[in-house]
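Below, chain A is the first sequence line, B the second, and so on; all start at residue 1.
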2 protein chains.
Amino acid sequence: MTIKEIAKLAEVSTSTVSRVLNNSGYVKQEVRERIEKIIEETGYMPSDVAKGLKDRKTNLIGVIIPRLNSRTTSLVVEGITRFLDKKGYTTLLANTGIRLEKELEFIKVFKQKRVNGILFVATRVSKEHAELLEKLDVPIVFIGQDAGEYGFPSVVHKDYNAAKDMTKYLIKKGHRKIGFIGVEESDVAVGLERKRGYIDAQFENNIEIDQGLIATGNFEVSSVEPSMEKIMQKKPSAIFAVTDSLAIGAINYLIKNGYQVPEDISVVGMGDSGIAEIYNPGLTTVKYEYLESGEEAAKLLIESFENKVALRKMMGYKLIERDSVRSV
Amino acid sequence: MTIKEIAKLAEVSTSTVSRVLNNSGYVKQEVRERIEKIIEETGYMPSDVAKGLKDRKTNLIGVIIPRLNSRTTSLVVEGITRFLDKKGYTTLLANTGIRLEKELEFIKVFKQKRVNGILFVATRVSKEHAELLEKLDVPIVFIGQDAGEYGFPSVVHKDYNAAKDMTKYLIKKGHRKIGFIGVEESDVAVGLERKRGYIDAQFENNIEIDQGLIATGNFEVSSVEPSMEKIMQKKPSAIFAVTDSLAIGAINYLIKNGYQVPEDISVVGMGDSGIAEIYNPGLTTVKYEYLESGEEAAKLLIESFENKVALRKMMGYKLIERDSVRSV
DNA sequence: TTGAAAGCGCTAACAG
DNA sequence: CTGTTAGCGCTTTCAA
């Protein structure tokens with residue numbers, strides 16, 4: 001079914017049909033009704049493909065995510081779709097499995113689909129990304145990692161400050177030997193910034209950094225065990241894990257090994273992953289504004305269509321005290 | 001940047017550029033290289049919009065989901081994107097917030113975008129859906145709810161059997177008074193089928209159904225409290241919740257009220273939501289093949305492009321025994 | 001108030 | 001081996 005067929009059925013020209021479709025220009029009431037009736041009956045829907053060709057605007061926004069099986073990403077995407085839907089944009093979703101080559105490939109695919117912009121939930125941003133994006137010239141906003149270095153607008157979380165605050169909180173509770181479960185530093189936000197916060201907080205409180213208390217694994221819960229084995233040799237009174245999953249992995253490890261949380265040892269996470277709330281004990285953690293960051297990034301992108309300014313938006317956070325820490 | 005501009009730069013016709021782009025027909029090696037160089041330098045990417053118009057194939061698949069903040073949906077979508085990506089399709093995502101009018105609207109939007117097919121993660125399927133889809137004539141596969149009644153292919157989980165098996169399991173463990181926390185029956189799969197399983201298993205074991213043991217809320221954890229208050233008056237020895245979140249809500253309620261799980265009362269859920277595994281105690285539940293159902297549905301859809309047969313695919317399940325049940 | 005015609009970017013006969 | 005041309009479905013002057 002095309003506009004031409006509708007025109008023929010209504011015995012008018014395609015222009016006239018187009019006019020009633022877009023409510024533009026003059027159409028005699030009687031003719032309008034005739035056409036509307038036919039459209040209704042046939043279930044005809046105009047093609048956005050043809051329209052897109054005509055006015056080079058697809059109203060498509062490409063969203064690139066590392067994976068979907070994390071609450072973080074889900075919330076960000078939820079925020080994105082919520083905002084874009086309101087503004088009449090449709091979301092194209094690309095799931096990369098955190099593979100750089102996939103990320104680059106999807107950026108190209110999006111360009112071919114002529115998306116009006118890209119939202120990139122990144123775990124790291126490289127020169128390759130920057131060069132490709134530069135070349136393809138698509139509006140983009142990064143989420144979760146700062147791409148300001150390459151001149152791209154970004155929506156980031158205050159990872160450094162949050163981790164520092166959390167560490168200070170533990171220190172205030174009397175802890176001086178705080179184990180740290182981190183992830184690869186190639187993930188600047190989670191791996192590097194949070195670690196910096198952890199270190200600086202101790203530095204400012206004149207606590208000597210003990211490398212024996214610091215373990216680096218990956219995001220998989222299975223990586224917690226070796227990390228914990230290393231850390232526990234130093235007999236810490238608290239564990240600071242950079243994500244809630246890792247924190248819960250740590251707690252489960254402790255329980256399995258006969259410790260009580262928080263009686264014997266305190267544990268905190270970051271991310272307020274939903275599990276944190278319903279877990280037993282309730283996990284003390286930092287709540288980030290994930291849903292809001294998705295909305296904010298989408299908003300930034302849409303706004304950049306008009307005035308293109310590269311900027312960085314910092315999202316807030318909140319320390320949520322629950323039952324996994326005790327004072328010593 | 002268009003094919004025309006590339007053609008001009010390379011001093012050839014657009015057809016020749018098109019030929020090197022698609023690796024079709026003959027092009028003199030020397031000319032080919034010249035064109036490729038220009039494409040490379042300019043970062044030109046052919047427009048899928050124009051291509052789509054030409055050969056009425058967009059390689060777009062629309063995915064409609066109720067919301068993203070559940071592990072179930074995330075896994076299904078993960079499975080979908082995984083499969084579609086392999087096959088060269090791109091995913092359009094529509095997040096409805098479980099509002100019927102949004103669902104219908106997105107189906108129309110997808111039609112306008114000329115998607116080649118739709119995957120609908122449904123919570124219920126109505127006549128309105130059926131009529132619209134009939135009229136718009138878009139290939140579709142339902143996920144999670146059976147739309148066979150309206151002649152649409154569906155990928156569903158064995159909700160009835162799984163719930164029945166779970167109930168039988170509790171019975172075998174010696175439980176005769178089993179509380180039931182369900183959801184609205186408008187959700188046929190989760191609300192109705194699972195309840196039927198619960199009832200039939202008891203019927204077959206000559207256990208009289210006590211309406212006082214059956215409570216119906218919604219998916220929100222907050223709805224658990226009133227349900228539990230009602231059920232606990234009957235002093236059950238076990239609770240069967242139709243989702244893991246609900247089950248954990250129940251456990252938290254019990255703990256708050258001084259009960260021990262499973263010592264005082266057993267609790268089981270359904271869905272193997274990830275929380276089930278790391279929760280304390282480990283939750284006995286049913287693991288569904290969510291990721292696989294996404295893949296399976298996408299596969300069905302793509303296959304239906306060739307031979308269009310409406311069919312129903314039943315996904316398997318597995319009872320996962322953990323630590324939230326004891327024998328009585 | 002309506003229609004004819006051109007053009008958006010690309011591909012595929014067809015002709016050379 | 002390469003170019004010309006028509007047409008995909010739609011909107012938008014420009015005329016009438």
| request: Calculate the interatomic distance between B:Q112 atom CD and D:dC10 atom P; express it in whole Å. | output: 10 Å
| message | Quick check on contacts: within residues 25-34 of chain B, what sits under 4.0 Å from DNA chain D by heavy-atom distance? | response | B:Y26, B:V27, B:K28, B:V31
Review item, side-chain donor-acceptor pairs of residues 90-99 of chain A, under 3.5 Å, at least two apart:
residue, atom, partner, partner atom, Å
A:N95, ND2, B:E78, OE1, 3.4
A:N95, ND2, B:E78, OE2, 3.3
A:N95, ND2, B:T81, OG1, 3.1
A:T96, OG1, A:I65, O, 3.2
A:T96, OG1, A:I98, N, 3.0
A:R99, NE, A:T96, O, 3.1
A:R99, NH2, A:T96, O, 3.3

| request: Examine the side chains of A:S15 and A:S18 and answer whether a donor and an acceptor come within less than 3.5 Å of each other. | output: no
| message | Holding to side-chain hydrogen bond (donor to acceptor under 3.5 Å, both in side chains), I want the full list of residues that pass it with A:E33, two or more places apart in sequence or in another chain. | response | A:Q29
| task | Kindly determine whether B:H129 and B:F152 satisfy ring pair (Phe, Tyr, Trp, His ring centres under 6.0 Å), including the steps that lead there. | result | CA-CA 11 Å; B:H129 290 112; B:F152 297 112; 9.6 Å; no
| remark: Students should find that the end-to-end axis angle of the helix from C:dT1-D:dA16 to C:dG16-D:dC1, with five pairs defining each axis and rounding to 10 degrees, is 50°
Sequence neighbours excluded and cut-off under 3.5 Å, please list the side-chain donor-acceptor pairs for residues 109-118 of chain A, or say none.
residue, atom, partner, partner atom, Å
A:K111, NZ, A:L136, O, 2.8
A:K113, NZ, B:D48, OD2, 3.3
A:K113, NZ, B:T58, O, 3.1
A:R114, NH1, A:K111, O, 2.8
A:R114, NH1, B:M45, O, 3.1
A:R114, NH2, B:M45, O, 2.8
A:N116, OD1, A:T58, N, 3.4
A:N116, OD1, A:N59, N, 2.7

| note | Sorted by chain and residue number, the side-chain hydrogen bond (donor to acceptor under 3.5 Å, both in side chains) partners of B:N69 (sequence neighbours excluded) come out as none
| message | Per the salt bridge (charged side-chain N to carboxylate O under 4.0 Å, His left out) rule, what does the pair list look like for residues 53-62 of chain B, sequence neighbours excluded? | response | none
| From the 5' end of DNA chain C to its 3' end, which nucleotides mark the outer limits of contact with chain A, defined by a 4.0 Å heavy-atom distance cut-off (strictly under)? | C:dT1 to C:dG9
| message | Can you build the contact string for nucleotides 11-16 of chain D? Use B for base contact, S for sugar-phosphate-only contact, and - for no protein heavy atom under 4.0 Å. | response | BBB---
| Pairs meeting criterion ring pair (Phe, Tyr, Trp, His ring centres under 6.0 Å) with involvement of residues 75-106 of chain B, two or more places apart | none
| With sequence neighbours left out, what residues match B:E40 under side-chain hydrogen bond (donor to acceptor under 3.5 Å, both in side chains)? | A:K135
| Sequence neighbours excluded, which residues qualify as side-chain hydrogen bond (donor to acceptor under 3.5 Å, both in side chains) partners of B:Y150? | none
